[in-house]
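Starting from 1, each residue takes its place in the sequence as its number.
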Amino acid sequence: MNRISVVLLLMLVCIGVMAEPLKGGGSLSGKVTDKRSGEALVGVAIFFPGLQTGTVTDADGKYSIDNLPRRSVEVQVSYIGHKTIVTTIDVDSVSRKDFALEESDAQINEVVVTGLTGKSLAKDSPTPVSVVSSAMLRSTASSNIIDALSLQPGVSQITTGGGISKPVIRGLGFNRVVVVNDGIRQEGNQWGAEHGVEIDPQSISSAEILKGPASLMYGSDAMAGVIIFHDEVLPPLGKVQANVSSEYQSNNGLFDYSVNLKGNNNVIVWSGRWSDKMAHAYKNNYDQYVLGSQFRERAAEGLVGVNCKWGYSHLTLSYYHLTPGIVEGDRGYSHSYGKSLPFQQVHHYKAVSDNTFFIGNGTLQAIVAYQQNRRQEFEESPSTPGLDFMLHTVNYDVRYKLPIADQLKIAVGGGGMWQRSLNKGDEYLIPAYQLFDIGGFGTITYNTGKFTLSGGMRVDNRHLHSFALDDLFEKFSRNFTGVTGSVGAVYAVNDKMNVRLNVARGFRAPNLSELASNGVHEGTVEYEIGNTGLHPEYSWQADLGWDFTSPVVSAQLSLFANFIDNYIFTQKLEGVKTEGYDTYKYTQGDARLLGGEASVDIHPIERLHFANTFSYVNSVQLHQPHDAKYLPFTPAPRWTSDLRYDIVRDGKTVDNTYVSLQMECNLRQNHYYAVNGTETATPSYSLFNVSAGTDFRVHGHKVASLLLSCNNLFDKAYQSHLSRLKYLDVNPLNGRRGIYNMGRNFTVKLLVPIEL
């Protein structure tokens, strides 16, 4: 803990030394119109990301914002159904700026993403990035935030019962995917298959999925990629807003509601949210109700901060509580919202101080956070847990972004975390441990017009110390150092076509579970044994991409080749039972993953879209016999199709009205890790979904949104290849092994925004 205190003290000293006053009193105003019709657009968002503030256009399409620093600031202009504009304006010399927005039927790569040196357009990123907008999140029926992203190209999920999903990016999951929320990496007990992501879906406005090694920006564990969740946008200057939402799902009786109140009085910004969700056991045609799949989720979040000419400083406090059941294979004809043994209980507390300071022509960002994650498993008693983990984490991150010129940007920084994990129960799976991470990096982006070049290097060190416990765990210490980097380029062939190439080096230190676990995973029904001799994983990945857009068709192709040294996974021990459970031991070998994603969106007439995506990954372990050739948890090839028609756009009473028919086809997965029956093949299946939605408007303002959907329209009984429940005991009623996924599910969502 002393080392983290020194790092934080140095951070504050550096900020104090470099900070300098800025001229204030700047303002910007103008008008936003539709480029084709010339009509004024109402409710267009004018957002300044470096200030975390903005405004919206009025009934005449006009906007005005004061108290801006007299310097160059980045501006994002966005409106549903139109192409986003990202530009830099020198407020010291420009006080008026008009914008004309184009409709976005045939535009791709016009969304803002997180780049190596700050925000950039997706078309300028050398690595593939998927952006899930607020509208997409709202229109998706899901039980948790990862479930809402699982149909994105190259993204899958490992599921273990109700409310629990873990992200998989291009065939890699668990600690190889970093999840970022509130600006810092989410740290819970994410090493286990039965551990979900402790994030309230209602608090998320949008998500970015970075596919490929991102160790350069996020250090160890970002070998597969990063999922960045963006918080809800604060209201425009001088506004107080409220949002109320509710949802019901028929299959598992899921009911939730969320209430949010937020304000911006030109200097002080604040926000508060409460969310509550409950669901009973889900059902399907083969298992009826899957006992233990019920869950209860509650979350609260509050933010207070200041937005000034020198930057901003925000403090966010949040609490998340999930009580999921544990599915052990029981089926039945009754269901309940209440807890029944066995079940888990997860509490996650988080405090984040997010700060941005304008220093010279550059921007200094400093984030410090504390997280406490407590996960308990109740098996014999509803009041006394068996397993009881308490994890303390302090995150720190400092980076300075310096625009040398319009074409050249440089960012340098460092960050890491301190962790302390304790065992509070009378059963044990992993030993108590202490961890310290530190890393430093430098990145650069250069735009020549036709070419956008980017790259950088990073050095990380992780020290891990495990504490002894009786005869179960021995004391040990490990030290891991990794050097990573990437270099990439995007070439704009013309205004409709881009090609991109990127090569990146990834690094991941083995986690404590992989090194020293020794106990029963109740949620996955297996006994797990660690391996203290594991080496860190290293990877080389090459990405090749191409995109094209025209008034009739938009298309993207992303191909990758990923070579991993010392890939870590669990191997089922033949004929070994420990405490009555199948026994798995961690081992490692060299791996190669090849694959990619392709997407085509055809829109032959205005407002009609026929979008198709195909995702494929081939994951093999090198130099192994056939039954050990394929890596575990490799998602099946998947084709998705979405036929959507936008009935009304820019309507006076109803707006953004659409209907959609979707198809998800998962092909047969014959590539599986077959050693000792660890995995089995999964047959193909196709699911069909329908959805519709609309906004209601009064006097030009949105007063409500209504969304209707039906997932698994034909009530197909199926098993996902990445479901851990696929390997539970045989159902004695029908002779089928394992639990099947959810059957037909109707969803109704209502969202009501209120401006006070």
Side-chain angles (χ1 to χ4, degrees), residues 108-109 111 113 122-132 149-157 167-173 176-177 207-215 222-227 454 486-491 493 497-506 539-549 553-564 567 591-602 611-622 629-631 633-642 663-672 684 721-722:
I108 59 175
N109 300 326
V111 293
V113 299
K123 70 180 183 64
D124 295 325
S125 172
T127 56
V129 182
S130 293
V131 176
V132 185
L149 309 181
S150 61
L151 288 184
Q152 291 298 306
V155 180
S156 307
Q157 61 176 328
V168 175
I169 299 178
R170 290 177 162 180
L172 299 176
R176 299 176 184 91
V177 177
E208 294 179 47
I209 305 168
L210 284 63
K211 290 174 277 191
S215 300
M223 290 188 67
V226 180
I227 298 177
S454 61
S486 72
V487 58
V490 179
Y491 176 63
V493 179
M497 186 185 301
N498 300 285
V499 294
R500 51 182 48 83
L501 176 66
N502 191 78
V503 178
R505 175 74 161 167
S539 71
W540 281 106
Q541 178 163 318
D543 283 275
L544 178 64
W546 168 88
D547 63 68
F548 172 80
T549 180
V553 63
S554 303
Q556 288 181 294
L557 178 65
S558 298
L559 304 175
F560 72 92
N562 190 4
F563 295 86
I564 303 176
Y567 181 86
R592 184 219 68 202
L593 294 88
L594 302 175
E597 304 87 42
S599 63
V600 178
D601 184 0
I602 303 172
N612 294 266
T613 67
F614 183 75
S615 304
Y616 174 79
V617 59
N618 179 268
S619 307
V620 302
Q621 186 179 185
L622 302 177
K629 177 179 179 181
Y630 298 106
L631 297 183
F633 294 111
T634 299
R638 186 180 66 200
W639 169 33
T640 65
S641 186
D642 185 0
M663 184 272 294
E664 174 194 350
C665 176
N666 289 266
L667 303 182
R668 179 177 176 83
Q669 180 55 290
N670 286 321
H671 295 172
Y672 56 93
S684 63
H721 186 70
L722 299 189

message: Could you go through Arg170 and Glu597, starting from their C-alpha distance and side-chain angles, then the distance that decides it, and tell me whether this counts as side chain to side chain contact (heavy atoms under 4.5 Å, CB included)?
response: CA-CA 9 Å; Arg170 290 177 162 180; Glu597 304 87 42; 3.0 Å; yes

Approximate separation, where rounding is to 0.5 Å, of [X] [atom1] and [Y] [atom2]:
X      : Y      : atom1 : atom2 : answer
Asp642 : Thr613 : CG    : OG1   : 9.5 Å
Ile564 : Leu172 : CD1   : CG    : 4.5 Å
Leu559 : Leu544 : CG    : CG    : 5.5 Å
Asn618 : Arg592 : CG    : CZ    : 5.0 Å
Tyr616 : Thr634 : OH    : OG1   : 9.5 Å
Thr640 : Asn666 : OG1   : CG    : 9.5 Å

Whether [X] side chain and [Y] backbone form a donor-acceptor pair below 3.5 Å:
X      : Y      : result
Arg500 : Asp543 : no
Ser615 : Gly154 : yes
Glu208 : Val129 : no

Return the minimal non-hydrogen interatomic distance between [X] and [Y], and the atom names on each side.
X      : Y      : answer
Asn562 : Ser539 : OD1-CB, 3.5 Å
Val177 : Ala224 : CG2-CB, 3.8 Å
Gly596 : Phe560 : N-CE2, 3.4 Å
Ser156 : Arg638 : OG-NH1, 4.2 Å
Ser215 : Gly506 : OG-CA, 3.6 Å
Ser619 : Leu593 : OG-CD2, 3.2 Å

- prompt: Residues in side-chain contact (heavy atoms from CB on, under 4.5 Å) with Ser130, at least two apart?
  reply: Gln152, Pro153, Ile209, Lys211

field: Sub-4.5 Å side-chain heavy-atom contact between Tyr567 and Arg176
entry: yes

- prompt: Heavy-atom distance under 4.5 Å between the side chains of Leu557 and Phe548, does that happen here?
  reply: no

By side chain to side chain donor-acceptor pair (under 3.5 Å) - contacts of [X] (at least two apart):
X      : value
Trp639 : Asn612
Gln621 : none
Asn502 : none

query: What do the steps show when you test Leu151 against Glu664 for side chain to side chain contact (heavy atoms under 4.5 Å, CB included), and what is the final call?
result: CA-CA 8 Å; Leu151 288 184; Glu664 174 194 350; 3.5 Å; yes

message: List the residues meeting ring-ring contact (aromatic ring centres under 6.0 Å, His included) with Tyr630, not counting sequence neighbours, and say none if there are none.
response: His671

message: I'd like to check the ring-ring contact (aromatic ring centres under 6.0 Å, His included) partners of Tyr491; sequence neighbours left out, ordered by chain and number.
response: Phe451

- prompt: side chain to side chain contact (heavy atoms under 4.5 Å, CB included) between Ile169 and Ile227: does it pass, once the steps are laid out?
  reply: CA-CA 9 Å; Ile169 299 178; Ile227 298 177; 4.2 Å; yes

- request: Give the C-alpha distance, both sets of side-chain angles, the deciding distance and a yes or no for side chain to side chain contact (heavy atoms under 4.5 Å, CB included) between Val493 and Trp546.
  value: CA-CA 10 Å; Val493 179; Trp546 168 88; over 6 Å; no

